[in-house]
Protein chains: 2
Amino acid sequence: MISGKGQAKFCGPTIGGRALAQRNVLQYVILGLLSQHERTGYELSAAFTNEIGEFWQAQHSQIYPQLGKLEDQGFIQHEKALAGKKLEKKVYRLTDSGRTYLNDWVGDATTALPVTKDEFALKLFFIKDASDPRLPGMLQEQIDLHQEWLAHLTVRMGDLFTNATQRAANFGHYLVLSRAVERETDYLRWLQETAAGLSRKDHQ
Amino acid sequence: MISGKGQAKFCGPTIGGRALAQRNVLQYVILGLLSQHERTGYELSAAFTNEIGEFWQAQHSQIYPQLGKLEDQGFIQHEKALAGKKLEKKVYRLTDSGRTYLNDWVGDATTALPVTKDEFALKLFFIKDASDPRLPGMLQEQIDLHQEWLAHLTVRMGDLFTNATQRAANFGHYLVLSRAVERETDYLRWLQETAAGLSRKDHQ
DNA sequence: TCAGGCATGTAATCAGTTACATGATTAA
DNA sequence: TTAATCATGTAACTGATTACATGCCTGA
């Protein structure tokens, strides 16, 4: 274990001595999404599903109140727009102070490892024996799941970044999406190798 | 009560149409850890830091109340033991019904992708330009962080699984730990390649 | 006309973190 | 003797999910 000799100032959660928690990251995610272009709360909510669900999640019930707080703080502003003849929507955009606040966060050191809650890894962890009859089915289930997810990511990659101009215009987005594709590809390879390894043991 | 349409189905969070959330996984983690051998609450707490922090986290303030609930449900039992002459500790072990409850969960389909909250990926996502002066430093910071983490995992691997007998005795643990080492190795390779790619662009 | 999506919010609950609180044991 | 660790708990708060609630718009 990597020990931090701590003088009990900040005693947050750790894994292997590494810091984990972050406070109110949601506000920065919203500011970041608005830094790309103006959006409604509904569009922000959709972005959490489609664009950044890979590494952050939030529901609309969390987003709308946060929008109010950010506006109170002067980091964003909204103007009303009409969808059709009656349905009002609030289109939010970043203010200058909001952009500064966002950039301060991006520039700050990120000393926390990503937080992962992986239920499959957990189940695997508790299986003692390579001959456990549940293992092949569990692995196949994950192969199917992650194949589907990889297909989704690949489609997004093709939609967004087919040429160098697109990659240059949103370099960070391109980096994280291409990394996600790589990561899922590598994970699928491991799942398949592990499943194959079990089969070989069965036939010994 | 005023009738709303669309009553109560279950509309949880998704990424790309995939289900995410799980309810009270903590209880199963505790049961799983106790299925390995009996432990105190303190030892369970330590296990979240040292053994399974890679894919699940919990503090002692969450663990102690959950132990009470699991005991109320009859899934675990404790007996008191003395550490020294006065200090009492509660050593918990799994009951038969607890083991059944745990195994039901392990056998259940895992249709949810792992939940990840990755602040670094988020920051990267919001960087538009490959020439952003913050990028090299950010990448180097992550390289240092994940190198340290990989070293920690490698030490654990060496401590726990040096021979085939150890790997066979806790096969699932071996699988997830060896996978974690692979994943971190692959991630570090990507970080370094990406950082190197930036340098080349700088010198063009 | 009707289903699915667009659009915005709040309420209730659950999960998770941080801090408070106390005291014993061990080894330097 | 004193710092680190063992040991157990609760309180206060923040974060996140699920459900409740309402109403408009578009296209089949």
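Labels below follow one simple rule: chain letters A, B, ... track the order of the sequence lines, proteins then strands, and each chain is numbered from 1.
OP1 or OP2 of D/dT17 has at least one side-chain nitrogen or oxygen of A/Q59 nearer than 4.0 Å. Residue B/K90 places at least one side-chain N or O under 4.0 Å from the OP1 or OP2 atom of D/dG9. Residue B/Q62 has a polar side-chain atom (N or O) positioned under 4.0 Å from OP1 or OP2 of C/dG16. Proximity of A/Y64 to the phosphate of C/dT8: a side-chain N or O atom is located under 4.0 Å from OP1 or OP2. Using a 4.0 Å cut-off, some side-chain N or O of B/T40 falls inside it from OP1 or OP2 of D/dT8. For the OP1/OP2 pair of D/dC25 and a distance below 4.0 Å, the side-chain nitrogens and oxygens of A/K89 include no atom meeting the criterion. Here B/K117 does not reach the OP1 or OP2 of D/dG15: none of its side-chain N or O atoms lies under 4.0 Å away. Proximity of A/Y42 to the phosphate of C/dC6: a side-chain N or O atom is located under 4.0 Å from OP1 or OP2.
Considering only the side chain of B/H60, C/dA19 comes nearest among C/dT18, C/dT25, C/dA19.
Counting to the nearest Å, the C1' atom of D/dT8 and the CD1 atom of B/I63 are 12 Å from each other. Atom CD1 in A/I30 sits about 12 Å away from atom P in D/dG15, given to the nearest Å. In this entry the distance linking CD of A/E119 with P of C/dA15 reads 13 Å, nearest Å. We find that CG of B/N24 is positioned 13 Å from P of D/dT18, with the value rounded to whole Å. Separating the CD atom of B/Q66 from the C1' atom of C/dT17 is a distance of 16 Å, rounded to the nearest angstrom. Rounded to whole angstrom, the span from the CG atom of A/L67 across to the C1' atom of C/dT8 amounts to 10 Å.
Taking a cutoff of 4.0 Å between a charged side-chain nitrogen and a carboxylate oxygen, A/R156 and A/E54 do not qualify as a salt bridge. By the 4.0 Å N-to-carboxylate-O rule, B/E38 lies too far from B/K89 to be salt-bridged with it.
B/H146 pairs with exactly one of B/Y187, B/F120, B/W190 by the ring-ring contact (aromatic ring centres under 6.0 Å, His included) rule, that one being B/Y187. The one candidate from B/E184, B/Q142, B/Q192 that meets the side-chain contact (heavy atoms from CB on, under 4.5 Å) condition with B/Q147 is B/Q192.
Both A/L26 and B/E43 lie close to DNA chain D; mapped to their nearest nucleotides by heavy-atom distance, the more 5′-ward contact belongs to B/E43.
When all heavy atoms of B/V91 and B/A81 are compared, the closest pair comes out as CG2-CB, 4.0 Å.
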